[in-house]
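First up is the structure itself, then whatever we jot down about it.
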Amino acid sequence: MFLTVTDYQSVCTPFEMEQLSALTDDRLVAERAAMEQISAYTRSRYDMEKAFAAEGNDRNAMLVQCMVNITLWLMIHRMPENMGHDRRECLYNEAIAWLKDVQASKASPDLPTYTDEYGNEDVNNPVRSGCMPPNRYDY
């Protein structure tokens, strides 16, 4: 998978880490759901299969953090007494806000874009710039 257990340490207490370790199957299901949720916002422009195939330091740090927060939000009902519900909700909302910014091209993450068969990158980018040569209405 894209995430490792150590990725959760930045936002989890040691007790929460124990709970996550015990719920490995549930965590993997939640991670797959988080991948799909992230991809729903970004797949129109970014090649998310390549992004999620990255390992180690080649992974986008913001994508890792976003996926951790969404995964934990999806798993909160499996945790004892909904551990840290308010904190998880805040981090989840921040992750979704970032994804909406990426979707609206307000944020530009360093994620791989689609490449066509000729090697042109960013082929699904709907924004094109340039203009026609100016008209000189000299009659």
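Hydrogens, waters and symmetry mates are skipped; everything else that's a heavy atom, side chains included, is used. One is the number of the first residue; the rest follow in order along the sequence.
When all heavy atoms of Ser39 and Phe52 are compared, the pair lying nearest together is OG-CE1, 3.5 Å. Residues Ile70 and Ile38 approach most closely at CD1-CG1, 3.8 Å, considering heavy atoms. Considering every non-hydrogen atom in both Met17 and Cys12, the closest pair reads SD-CB, 3.7 Å. Minimum interatomic distance between Phe2 and Ala54 (heavy atoms only, all atoms of both residues): CD1-O, 3.8 Å. Between Leu74 and Ala34, the shortest heavy-atom distance links the atoms CD1-N, 3.8 Å. Residues Glu16 and Arg87 come closest through the heavy atom pair OE2-NH2, 2.8 Å.
Using a 4.5 Å cut-off on side-chain heavy atoms (C-beta onward), Ser10 and Val68 make no contact. Using a 4.5 Å cut-off on side-chain heavy atoms (C-beta onward), Pro109 and Leu63 make no contact. When side chains are defined from C-beta on, Lys50 does not count as touching Tyr114, because their heavy atoms never get closer than 4.5 Å.
No salt bridge links Glu36 with Arg32; every basic N to acidic carboxylate O contact stays at or beyond 4.0 Å.
Looking only at distances, a side-chain donor or acceptor of Asp7 sits under 3.5 Å from a matching main-chain atom of Thr4.
Within a 6.0 Å radius of CD in Glu89, more than 12 heavy atoms belonging to other residues, nucleotides or ligands are found.
Here the CD-OG1 distance, from Gln37 to Thr71, works out to 9.0 Å after rounding to the nearest 0.5 Å. Atom OG1 of residue Thr13 and atom OH of residue Tyr8 lie 14.5 Å apart, to the nearest 0.5 angstrom. For the atom pair CG (Leu23) and CE (Met75), the distance works out to 5.0 Å, reported to the nearest 0.5 Å. Rounded to the nearest 0.5 angstrom, Leu3 CG and Met67 CE are separated by 4.0 Å. Between Leu91 atom CG and Asp86 atom CG the span is 11.0 Å, to the nearest 0.5 Å. Taking CE from Met35 and CD from Glu49, the interatomic distance works out to 10.5 Å, rounded to the nearest 0.5 Å.
Val5 and Val29 fall into different hydrophobic clusters, where Ile, Leu, Val, Met, Phe, Trp and Tyr are joined by side-chain heavy atoms under 4.5 Å apart, directly or via other members.
Ring geometry for Tyr92 against Trp73 counts as parallel: the plane angle stays under 30°, on a 0 to 90° scale with 60° as the upper cut.
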Check your understanding: Under the side-chain contact (heavy atoms from CB on, under 4.5 Å) criterion, do Arg45 and Leu111 qualify, and how do the steps go?
Key -> CA-CA 10 Å; Arg45 180 168 181 195; Leu111 295 173; over 6 Å; no
